[in-house]
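Below: one structure, written as structure tokens.
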Amino acid sequence: MADPLLFNPRTYDPAHFDPETRRLLRATVDWFEERGKRKLIEDYRSRAWLADFLAFSAKEGLFATFLTPASAADGQQDKRWDTARIAALNEIFGFYGLDYWYAWQVTILGLGPVWQSDNAAARARAAELLAQGEVFAFGLSEKSHGADIYSTDMLLEPDGNGGFLAGGSKYYIGNGNAAGLVSVFGRRTDVEGPDGYVFFAADSRHPAYHLVKNVVDSSKYVSEFRLENYPVGPDDVLHTGRAAFDAALNTVNVGKFNLCTASIGICEHAMYEAVTHAHNRILYGRPVTAFPHVRRELTDAYVRLVGMKLFSDRAVDYFRSAGPDDRRYLLFNPMTKMKVTTEGEKVIDLMWDVIAAKGFEKDTYFAQAATEIRGLPKLEGTVHVNLALILKFMGNHLLNPAEYAPVPTRLDAADDDFLFRQGPARGLGAIRFHDWRTAYDAYAEVPNVRRFREQADALCAFVTTAAPDEEQSRDLDLLLAVGQLFALVVHGQLILEQAQLTGLEEDVLDELFAVLVRDFSAHAVELHGKDSATEDQQSWALGAVRRPVVDDARSARVWERVEALSGAYEMKP
């Protein structure tokens with residue numbers, strides 16, 4: 001019997017979506033399943049460009065249906081920007097291979113500045129290119145500066161006729177080899193300061209666009225390209241001045257959310273392989289899964305994965321319900337990018353410790369999962385960058401709640417148009433949140449939720465009595481340890497909200513929070529050891545350490561769920 005908490009191609013039926021979304025998601029699963037595992041792995045290892053996949057997408061109208069907002073859809077009802085179904089497709093792509101997800105992900109990033117633009121000609125061109133099955137690219141990063149958009153060396157010289165000639169290079173630009181439209185960030189040479197920023201549309205097929213190379217050894221074409229006297233006319237200009245800067249950051253706000261569900265898909269496929277292998281391998285006369293440490297590692301991996309899914313599904317609701325007066329998604333977004341993707345690494349590592357050498361074998365999905373899972377925490381800003389961002393919200397989230405109407409589950413066929421009118425990318429410290437304690441109170445009788453709540457309350461005391469002083473606030477190493485503690489509280493909150501909405505079994509929730517209690521204790525010990533931690537902070541850290549509530553019967557019941565994954569799914573050869 002399939003586990004209802006995990007994606008399984010054998011039983012997948014996204015009946016909660018409208019008919020065309022349901023058809024496209026199922027068609028995508030079927031396309032991968034018909035190709036089979038051998039072809040999937042062969043293409044991954046041979047670094048083959050994804051031409052056949054993109055042909056499938058074009059034939060079915062997959063990217064065009066999912067990535068054209070209603071405002072550019074010319075009345076076609078099935079086209080909309082719907083974060084719920086985008087998340088579902090991320091999970092599917094991750095399940096079969098991150099290369100497929102990457103071509104889709106950088107198309108999303110490339111479209112961000114276009115859909116935020118008032119340039120009607122550029123928007124119409126993008127919609128038509130999508131309808132033709134083209135991919136897009138996001139030309140932000142540079143070799144010398146990374147994504148430091150204050151320091152761009154892509155320069156636009158006025159041409160004397162109201163346009164520009166663009167020159168410079170970009171680096172780490174996915175789909176740069178094939179994009180019908182590349183959203184390129186640069187600055188004018190005749191205007192100083194932020195007013196000189198420009199986002200413009202380029203075509204990778206133009207003779208003034210020079211493809212240098214793929215900078216990675218992969219089917220993902222992560223390009224370096226160079227523009228030499230590339231003509232930029234009024235129809236190519238997407239944003240100027242501060243609006244170009246905001247478009248860059250707001251595009252990343254939209255795009256980096258996709259990393260969490262891709263990570264989930266990777267972990268799900270790898271888990272089927274790992275549990276099946278371990279349960280059917282005999283060591284010293286017993287199945288490998290008879291050993292207590294193996295059961296503990298696989299159970300931890302399973303509940304962490306469930307936590308990833310619960311958090312990400314609930315975060316979708318906040319994205320879809322966002323507006324000018326509700327920007328809570330700006331906390332949950334870096335959380336999905338940072339916390340969920342690093343959880344994915346832990347899930348893979350736990351399973352790899354069990355299956356050991358099997359995880360290197362060339363005929364397994366796991367071998368590529370173990371490699372690809374590493375990339376997601378490092379894309380769209382490092383873990384450290386996103387942790388630092390998360391810290392901006394800590395005071396208001398923990399100590400200064402506001403009243404909000406409850407956010408419902410958002411699986412309706414609506415267009416998430418606010419994501420393309422987010423406005424200026426500032427004022428994060430002023431964003432307010434609903435009371436995080438409400439979610440914890442609803443599960444106060446669950447032993448490890450109650451135990452973790454003690455740690456969360458202790459963090460509030462830390463913020464009010466032992467918070468880093470002005471000098472320590474410049475010590476990012478110390479602050480990041482605090483950020484990990486805060487992230488756990490937020491992670492637990494949305495897990496609990498989604499658990500209540502979905503009726504999650506209490507055994508699974510209790511086992512999951514036993515893991516979170518251990519994680520909080522580990523980060524508290526880490527804070528205790530920081531060079532600049534004061535005596536009060538060190539004392540607080542040790543006082544926040546807790547032991548999870550142990551229940552052997554509960555753990556055994558959760559293990560039965562994990563054990564049942566053996567043989568539950570195997571991709572055809």
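Everything quoted here is computed from the prediction, not taken from an experiment.
A salt bridge between D195 and R242 is absent, with no side-chain N of the basic residue lying under 4.0 Å from a carboxylate O of the acidic one. Ion pairing between K346 and D349 fails under the 4.0 Å rule for side-chain N and carboxylate O. Ion pairing between D18 and R80 holds under the 4.0 Å rule for side-chain N and carboxylate O. Ion pairing between E343 and K309 fails under the 4.0 Å rule for side-chain N and carboxylate O. Between D153 and K170 no salt bridge is recorded (no basic side-chain N to carboxylate O distance below 4.0 Å). A salt bridge links R22 to D13: one of the charged nitrogens lies within less than 4.0 Å of a carboxylate oxygen. Between D82 and R320 a salt bridge is recorded (basic side-chain N to carboxylate O distance below 4.0 Å).
Nearest heavy-atom pair, I495 versus G307, reported as atom, atom and distance to 0.1 Å: CG1-O, 3.6 Å. The minimum heavy-atom distance between I348 and A369, with the atom names listed, is CD1-CB, 4.3 Å. Across all non-hydrogen atoms, the minimal contact from I264 to S312 is CD1-OG, 3.7 Å.
In this structure N400 satisfies the side chain to side chain contact (heavy atoms under 4.5 Å, CB included) test together with N396, R432, sequence neighbours excluded. Residues passing the side chain to side chain contact (heavy atoms under 4.5 Å, CB included) test with H384 are T382, L480, sequence neighbours excluded. Take S218 and apply the side chain to side chain contact (heavy atoms under 4.5 Å, CB included) test, not counting sequence neighbours, and it matches D99, V216, K220. Applying the side chain to side chain contact (heavy atoms under 4.5 Å, CB included) test to L419 and every residue at least two apart in sequence or in another chain returns W81, T83, V254, F319, D416. Take Y209 and apply the ring-ring contact (aromatic ring centres under 6.0 Å, His included) test, not counting sequence neighbours, and it matches F225.
Between F418 atom CZ and D326 atom CG the span is 8.5 Å, to the nearest 0.5 Å. If you take CH2 on W31 and CG on L24, they are separated by 14.5 Å, rounding to the nearest 0.5 Å. Here CG of L5 is found 7.0 Å from CG of L310. Values are rounded to the nearest 0.5 Å. Atom OG1 of T251 and atom CD of Q116 lie 4.0 Å apart (nearest 0.5 Å). In this structure, the separation between CG on L89 and OG1 on T21 is 10.0 Å, given to the nearest 0.5 Å. With rounding to the nearest 0.5 Å, the separation of OG1 in T336 from NZ in K256 is 8.0 Å.
The shortest side-chain heavy-atom distance between M338 and P377 does not fall under the 4.5 Å cut-off. L156 is not listed as a side-chain neighbour of R187, based on a closest heavy-atom distance of 4.5 Å or more. A 4.5 Å side-chain heavy-atom check between P14 and F17 finds at least one atom pair inside the cut-off. Side-chain atoms of L238 and S183, non-hydrogen and from C-beta on, do get closer than 4.5 Å to each other. Side-chain contact between D30 and R26 is present, with heavy atoms from C-beta onward closer than 4.5 Å. Contact annotation: the side chain of I173 approaches that of S223 to within less than 4.5 Å [non-hydrogen atoms, C-beta and beyond]. Side-chain contact check for H210 versus L227: every heavy-atom pair is 4.5 Å or farther apart. Side-chain contact between S117 and W115 is absent, with no heavy atoms from C-beta onward closer than 4.5 Å.
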Only distances under 3.5 Å count here; give the side-chain donor-acceptor pairs of residues 127-138 to other protein atoms, sequence neighbours excluded, each with its distance to 0.1 Å.
{"from": "E128", "atom 1": "OE2", "to": "Q132", "atom 2": "NE2", "distance (Å)": "2.8"}
{"from": "E134", "atom 1": "OE1", "to": "R205", "atom 2": "NH2", "distance (Å)": "2.7"}
{"from": "E134", "atom 1": "OE2", "to": "R205", "atom 2": "NH2", "distance (Å)": "3.4"}

Task: Intermediate values then yes/no, side chain to side chain donor-acceptor pair (under 3.5 Å), Y318 and E497 - done: CA-CA 12 Å; Y318 287 97; E497 290 184 12; 2.7 Å; yes
- [ ] Give the intermediate values and the outcome of side-chain contact (heavy atoms from CB on, under 4.5 Å) for residues Q498 and D317.
- [x] CA-CA 10 Å; Q498 188 67 6; D317 301 334; 4.1 Å; yes
Task: From CA spacing to verdict: side-chain contact (heavy atoms from CB on, under 4.5 Å), H145, T152 - done: CA-CA 7 Å; H145 309 296; T152 179; over 6 Å; no
Open item on the list: For a salt bridge (Lys or Arg N to Asp or Glu O under 4.0 Å) check, start with the C-alpha distance between R125 and D203, then their side-chain angles and the critical distance, and finish with the verdict.
Closed with: CA-CA 11 Å; R125 190 190 338 163; D203 184 344; over 6 Å; no
- [ ] Could you walk me through whether Y102 and E372 pass side chain to side chain donor-acceptor pair (under 3.5 Å), step by step?
- [x] CA-CA 11 Å; Y102 185 74; E372 300 296 348; over 6 Å; no
Task: Candidate pair H239 and F245, rule ring-ring contact (aromatic ring centres under 6.0 Å, His included), full reasoning - done: CA-CA 9 Å; H239 303 274; F245 182 92; over 10 Å; no
Open item on the list: One pair to check against side-chain contact (heavy atoms from CB on, under 4.5 Å): F311 and K339. What are the steps and the verdict?
Closed with: CA-CA 10 Å; F311 184 93; K339 185 62 181 174; over 6 Å; no
Open item on the list: For a side chain to side chain donor-acceptor pair (under 3.5 Å) check, start with the C-alpha distance between Q493 and H434, then their side-chain angles and the critical distance, and finish with the verdict.
Closed with: CA-CA 11 Å; Q493 175 194 347; H434 58 297; 3.1 Å; yes
Task: Intermediate values then yes/no, side-chain contact (heavy atoms from CB on, under 4.5 Å), V114 and F199 - done: CA-CA 9 Å; V114 180; F199 240 126; over 6 Å; no
Open item on the list: S321 vs R410, test: side chain to side chain donor-acceptor pair (under 3.5 Å). Steps then yes/no.
Closed with: CA-CA 8 Å; S321 301; R410 293 293 310 278; 3.2 Å; yes
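Geometric assessment of R85 against the ring of F66 yields a positive cation-pi assignment under the 6.0 Å and 45° thresholds. Relative to the ring axis of Y404, R328 places its NZ or CZ within 45° and under 6.0 Å from the centre.
The environment of CG in D52 is crowded: more than 12 heavy-atom neighbours from other residues, nucleotides or ligands sit within 6.0 Å. More than 12 heavy atoms of other residues, nucleotides or ligands shown are found within 6.0 angstrom of NZ on K378.
Aromatic ring centres of Y100 and W104: separated by at least 6.0 Å.
The aromatic rings of F32 and Y96 sit parallel to each other, their planes meeting at less than 30°, with 60° as the upper class boundary. Note: H269 and Y365 have parallel aromatic rings, judged against thresholds of 30 and 60 degrees for the angle between ring planes.
Shown are V106, N214, L50; of these, the side-chain contact (heavy atoms from CB on, under 4.5 Å) with Y221 is made only by N214.
No side-chain donor-acceptor contact under 3.5 Å links S169 and E142.
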